[in-house]
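Scroll down for the structure; my scribbles are underneath it.
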Amino acid sequence: MMTHNELWLTYHQASRCNKPATTQLVELEFQNEKLTDLEDVLEHLFRQGFVEAQHRSLSYWENHSGQRLNQSDVLEELLTEGAGKCPQSALRLVIADCPPHVWFSYVYTHKNVTPAVTQRVKFCHAQEAKLEIIAHLTNHIFRNGYLPARYRTVVTWQGTCGRKIEEHEKLDALLTAGEGLSETSPLRLIIDATRTHAEICHATGH
């Protein structure tokens, strides 16, 4: 017999990572139906339209500390342990509706430079309000000093297969296509260091 009839949860949607999480109190008895495990709660949320159906395969549970939970975990046991019993211990419904980061590598054209270095940028940790297009990522790199300002006029982007990527292209479209999704398939930031070196020599008369 259930002794708890309410569960606290918070929505953590990847596409809203820069915004506060939304908290909800769910009644565990709804229209004479009892919700007994996390899968029941998830089905209830989707039936009510609280979460869009297209995100069903991208949604999973964590406890308030970020530890992954099983869909079959029994609510009564979780609540008895204090999980989801109050807003402070609310369960986290993670909706991974977009990748949380993008990978890219620095590729110098100068043959004497060491092999390419790969970097990850997490969207939620970016100082800018948004990283939606390649131009935002380029600006992020220079704004944070990852490359010196003198390289700004000699950088271009390529995909994993060498296709030139324009500054106006959307990051989510590239990520959906598998570009920049992992360390093994990063976007390529091409830095024409030879041009920069030649321009510096010309400016100094050497």
Side-chain angles (χ1 to χ4, degrees), residues 1-104 118-132 137 140 160 170-187:
M1 182 177 178
M2 292 183 63
T3 58
H4 301 90
N5 55 16
E6 294 177 331
L7 175 76
W8 286 94
L9 65 88
T10 54
Y11 294 98
H12 294 265
Q13 195 163 350
S15 60
R16 292 174 51 85
C17 63
N18 288 319
K19 299 177 182 179
T22 299
T23 304
Q24 181 177 342
L25 180 63
V26 176
E27 294 183 3
L28 300 182
E29 289 193 27
F30 181 78
Q31 295 180 349
N32 297 322
E33 179 184 0
K34 293 183 178 180
L35 309 180
T36 59
D37 59 21
L38 289 177
E39 181 67 13
D40 285 344
V41 178
L42 199 54
E43 289 181 358
H44 170 72
L45 298 176
F46 278 97
R47 281 199 305 270
Q48 297 302 308
F50 298 145
V51 184
E52 294 181 29
Q54 67 194 48
H55 299 324
R56 182 62 180 85
S57 63
L58 305 172
S59 304
Y60 58 91
W61 293 99
E62 293 179 347
N63 65 15
H64 69 282
S65 300
Q67 182 180 353
R68 186 78 174 258
L69 298 173
N70 295 318
Q71 306 286 83
S72 58
D73 284 352
V74 177
L75 297 177
E76 186 69 17
E77 295 176 2
L78 291 169
L79 288 162
T80 299
E81 295 170 357
K85 198 170 183 178
C86 63
Q88 292 72 30
S89 66
L91 300 185
R92 296 161 49 94
L93 178 58
V94 180
I95 306 167
D97 59 338
C98 71
H101 52 248
V102 60
W103 286 90
F104 70 93
T118 305
Q119 180 178 340
R120 178 182 63 189
V121 173
K122 293 184 177 181
F123 296 133
C124 60
H125 291 170
Q127 294 179 359
E128 296 82 5
K130 60 183 179 181
L131 284 176
E132 295 180 351
L137 179 58
H140 174 78
T160 53
K170 293 184 177 294
L171 280 169
D172 59 354
L174 292 167
L175 289 163
T176 299
E179 304 265 21
L181 200 55
S182 67
E183 188 175 4
T184 57
S185 61
L187 300 176

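Any value given below was found using the heavy atoms of this structure, including those in side chains, with hydrogens, waters and symmetry copies removed. Residue numbers start at 1 and run along the sequence shown.
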Only counting residues at least two apart or in another chain, list the ones meeting side-chain contact (heavy atoms from CB on, under 4.5 Å) with [X].
X: Thr22; value: Tyr11
X: His101; value: Trp103, Arg120, Lys122
X: Gln48; value: Phe30, His44, Phe50
X: Gln119; value: Phe104, Tyr106, Val121, Tyr146

Which heavy atom of [X] sits nearest a heavy atom of [Y], and at what distance?
X: Ala14; Y: Ala96; result: CB-CA, 4.2 Å
X: Leu9; Y: Val26; result: CD2-CG2, 3.4 Å
X: Leu171; Y: Leu131; result: CD1-O, 3.5 Å
X: Trp61; Y: Gln71; result: CD1-OE1, 3.0 Å
X: Thr118; Y: Pro186; result: CG2-CB, 4.2 Å

What is the distance from atom [atom1] of [X] to atom [atom2] of [Y], rounded to the nearest 0.5 Å?
X: Leu7; Y: Leu25; atom1: CG; atom2: CG; result: 8.0 Å
X: Leu79; Y: Trp8; atom1: CG; atom2: CH2; result: 12.5 Å
X: Cys86; Y: His64; atom1: SG; atom2: NE2; result: 8.5 Å
X: Leu35; Y: Glu76; atom1: CG; atom2: CD; result: 12.5 Å

### Query
Which residue pairs pass the salt bridge (charged side-chain N to carboxylate O under 4.0 Å, His left out) test when at least one of the two sits in residues 170-185, sequence neighbours left out?
none
Which residues share a salt bridge (Lys or Arg N to Asp or Glu O under 4.0 Å) with [X], sequence neighbours left out:
X: Arg56; answer: Glu39
X: Glu62; answer: Arg92
X: Glu77; answer: none

### Asn70 (side chain) donor-acceptor with Asp73 (main chain) under 3.5 angstrom
no
### Heavy-atom donor-acceptor pair, Thr10 side chain to Ala21 backbone, under 3.5 Å
no
## Note on the structure
side chain to side chain donor-acceptor pair (under 3.5 Å) filter on Ser185, not counting sequence neighbours, yields Ser182
### Query
What pairs with Glu43 under side chain to side chain donor-acceptor pair (under 3.5 Å), at least two apart in sequence or on another chain?
none
### Task
Show your working on side-chain contact (heavy atoms from CB on, under 4.5 Å) between Asp40 and Leu75 and close with a plain yes or no.
CA-CA 9 Å; Asp40 285 344; Leu75 297 177; 5.6 Å; no
### Set of ring-ring contact (aromatic ring centres under 6.0 Å, His included) partners for His55, sequence neighbours left out
none
Less than 4.5 Å apart, any side-chain heavy atom of [X] and any of [Y]?
X: Val51; Y: Leu42; answer: no
X: Leu78; Y: Leu38; answer: yes
X: Leu93; Y: Gln24; answer: no

### Message
Would you say that more than 12 heavy atoms from the other residues, nucleotides or ligands in this model lie under 6.0 Å from the CD of Gln54, or not?
### Response
yes
